[in-house]
> 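Below you'll find the structure I mean.
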Amino acid sequence: MVEKINREKSDIYGMPVLGFLFKNPKFLLILKLLVLALFLYAMTYGFINNSAENVFTKGVFWNLFWPFFMVITLGTLGRVFCGICPHGFIGKYLTKWGLNKKMPKFLANPFLGLLLLFFAWWAVYYMYPSLYKTPIGTALVFLVLTIVAIITFFIFEKMAYCKSLCPIGAVTNVFSKVGFTKLETYKEACGSCKTFDCAKACSYDLKPFTFEKKNSMADCTLCMDCASSCEAVAFKVTKPSSSLFKKFKPRKSDIWALILLTGAISITMGFHHALGRSAIVEEFIWTKTARYFESFINFGTIDTIGLFAFLYAILFVIIASMGGMFIASKILKVDYEKSFYTLGYAFAPLFIIGGLSHVVEFFFLHYASNIVNGFIQAFSLNINYMEPLATRKDSWLHIFKMFNHLAYIWAFIIMIGRIKLLESTTFRKVVAFPFASALIIFYMGLNFYTGYIFKTYGVQKRGGHNHMQQQKQVNHSSLNIIIIKENKV
């Protein structure tokens, strides 16, 4: 154990304010307790007040936790939210007091959490847009996840829920690689260490002193327990996505998380939510397919356009990624699996950086007012309700579209770095590059195509289409603002 060390300038732990925020164990404990209390209260409030007037439950989970604690922090600081996650916080104590059994191999599989997120959340979300966004629906989702987490933590060892079953944990590990921080240790201090306090303090059975050598933080959630046990632990600011330009042992679940989430979020939303607002929405293949099947199948309350937009997006993404990589591997004369799982990490920015466009834009349109109004409602604060900071008529909001362009530019840069890691000639790498980047090119093309469609055909007129009516029905944020205004009156 090291009690004092001269920290580098890039070490966040050595910075006056940030060092306290990220390292002080008392502050972190208070923060975790506050997040846990907020989590439980928002979930309970969803059951108590399950009417549409409840803006607090949805505001906490969908306007605060998801966009800010996940999308923004993952693409910058890494998995810091995992470090204060209520489930992980509870799990550390349950694991110590629990049965500590070894998780069976069929359960100890990160693909389980990924597939749960993909099918149980995103597939259902596009078929039934309003299902999870009601207060009771939101509360039920997190109650079920909490029960599963508690049972898993109590029965199995080494934070098994976070490693294998957590839907969010299945994707945070890979997307956090885009950020510009890393946790490691000072070599000179670790060289003579005999106590390994940092490893003993880790609930995930990890060894922080091996992170730099492996160029991987494995399942580290940045809970900072290791930093409290030994001063040799460092949390450094580094070049963005620095680990992605070096060799490390790839994980198959990482690549599939990147592909499936890019399809389920970035591409499907581009199809359904963006192009779905255009004046020629009926001309797109997913809309035509939906109308065709609607002519002889009764889908009930299923949003058929959303369903087929989702299916086509996943189909196009899989074809682009796997097909492009197959051709690239043949050109490179490198094994297909090695090419696929080495180069696939270049897809990481497409969702996590591109998603910032949606998050920042919606902060001004809905998130800020929903969060503030939710807290005013839940805690009966004697404060006037907050109006949205912007409307869709504000042209300055378009500046945030730059994140979409930054996403594919950064993905191309990472692809250049990743393709250099493969053993092949420079000529073959140059020729293979556009094929390996087929998914990135598809994402880029969709952004330009969307801009072209709106510039050429414009936005669909309100009230002139059934699909527009569906969009209006599921626009919960707008509904919340209307309800708040009515309450004020």
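It should be emphasised that the depicted structure is a prediction, and the values quoted were computed from it without experimental measurement. By convention here, the first residue in the shown sequence is residue 1.
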> Look at atom CD1 of Ile399 and say whether more than 12 heavy atoms of other residues, nucleotides or ligands are closer to it than 6.0 Å.
no
> Quick check with a 6.0 Å cut-off and a 45 degree axis cone: is Lys177 positioned over the face of Phe248's six-membered ring?
yes
> Check each of Tyr408, Phe175, Tyr443, Trp410 against Phe351 using the ring pair (Phe, Tyr, Trp, His ring centres under 6.0 Å) test, and report the only one that passes.
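Result for ring pair (Phe, Tyr, Trp, His ring centres under 6.0 Å) with Phe351: Phe175.
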> Using the ring of each side chain (for Trp, its six-membered ring), is Phe379 parallel, tilted or perpendicular to Phe375, with breaks at 30° and 60°?
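It falls in the parallel class, under 30°.
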> Determine, for Lys23 against Glu231, whether the closest basic-nitrogen to carboxylate-oxygen distance falls under 4.0 angstrom.
yes
> Within a reach of under 6.0 Å around CZ of Phe326, are more than 12 heavy atoms found that belong to other residues, nucleotides or ligands?
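Check fails, neighbour count at 12 or below.
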> Taking the side chain as C-beta and beyond, is there a heavy-atom pair between Ile150 and Leu94 under 4.5 Å?
yes
> Can you tell me how far the OG1 atom of Thr450 sits from the NE2 atom of His273, to the nearest 0.5 Å?
13.0 Å
> Fit a plane to each ring of Phe22 and Phe235, take the angle between them on a 0 to 90° scale, and name the class: parallel (under 30°), tilted (30 to 60°) or perpendicular (over 60°).
tilted
> Is the NZ atom of Lys214 crowded by more than 12 outside heavy atoms at less than 6.0 Å?
no
> Less than 4.0 angstrom from a charged side-chain N to a carboxylate O is my criterion; do Glu8 and Lys236 meet it?
yes
> Step by step, work out the side chain to side chain contact (heavy atoms under 4.5 Å, CB included) result for Trp66 and Val71.
CA-CA 7 Å; Trp66 171 253; Val71 178; 4.1 Å; yes
> Does Lys182 pair with Glu212 as a salt bridge, N-O distance under 4.0 Å?
no
> Determine yes or no for a side-chain-to-main-chain donor-acceptor pair under 3.5 angstrom, with Asp335 supplying the side chain and Lys338 the backbone.
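Flag set: sc Asp335 to bb Lys338 pair under 3.5 Å.
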> Looking at Arg392 and Glu361, is any side-chain nitrogen of the basic one under 4.0 Å from a carboxylate oxygen of the acidic one?
yes
> Any donor-acceptor pair under 3.5 Å linking the side chain of Asn373 with the backbone of Met386?
yes
> Quick check against the 3.5 Å criterion: does Arg418 have a side-chain atom that pairs as donor or acceptor with the backbone of Thr342?
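Side chain of Arg418 to backbone of Thr342, a donor-acceptor pair under 3.5 Å: yes, one is there.
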> Between Asn100 and Phe156, is there a donor-acceptor pair closer than 3.5 Å when you use the side chain of the first and the backbone of the second?
no
> So, Thr44 side chain and Leu40 main chain: donor-acceptor pair closer than 3.5 Å or not?
yes
> For the backbone of Leu77 and the side chain of Thr181, can you confirm whether one donor and one acceptor N or O come within less than 3.5 Å of each other?
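At least one qualifying donor-acceptor pair exists.
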> Nearest 0.5 angstrom please: Ile136 CD1 to Leu131 CG, how far?
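Reported value, rounded in 0.5 Å steps: 11.0 Å.
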> Main chain of Phe400, side chain of Ser357: is a donor-acceptor contact present, judged purely on distance under 3.5 Å?
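Judged by distance alone, yes, a pair lies under 3.5 Å.
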> Angle class for the Trp396/Phe364 ring planes (parallel below 30°, perpendicular above 60°, tilted otherwise)?
perpendicular
> Using a strict 4.0 Å threshold on nitrogen-to-oxygen distance, state whether Lys249 and Asp254 make a salt bridge.
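The answer is no: the pair does not qualify as a salt bridge.
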> Within a strict 4.5 Å, meaning less than it, do heavy atoms of the Ile151 and Tyr161 side chains meet?
no
> Measure up the Phe61 and Phe142 rings against each other and bin them: parallel (under 30°), tilted (30 to 60°), perpendicular (over 60°).
parallel
> Quick check for you: to the nearest 0.5 Å, what is the distance between Trp62 atom CH2 and Phe362 atom CZ?
15.0 Å
> In Å and rounded to the nearest 0.5 Å, what is the CD to NZ distance from Glu423 to Lys429?
8.5 Å
> Shortest non-hydrogen contact from Leu99 to Ile155?
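Looking at all heavy atoms of both residues, the shortest contact is CB-O, 3.6 Å.
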> Any idea which heavy atoms bring Leu350 and Ala411 closest together, and the distance?
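So the minimum-distance heavy-atom pair works out to CD2-CB, 3.9 Å.
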> Measuring from Glu157:CD to Lys102:NZ, what's the distance to the nearest 0.5 Å?
7.5 Å
> In Å and rounded to the nearest 0.5 Å, what is the OG to NE2 distance from Ser266 to His358?
11.0 Å
> Kindly say whether Ile265 contributes a backbone atom to a donor-acceptor pair with the side chain of Thr268 at under 3.5 angstrom?
no
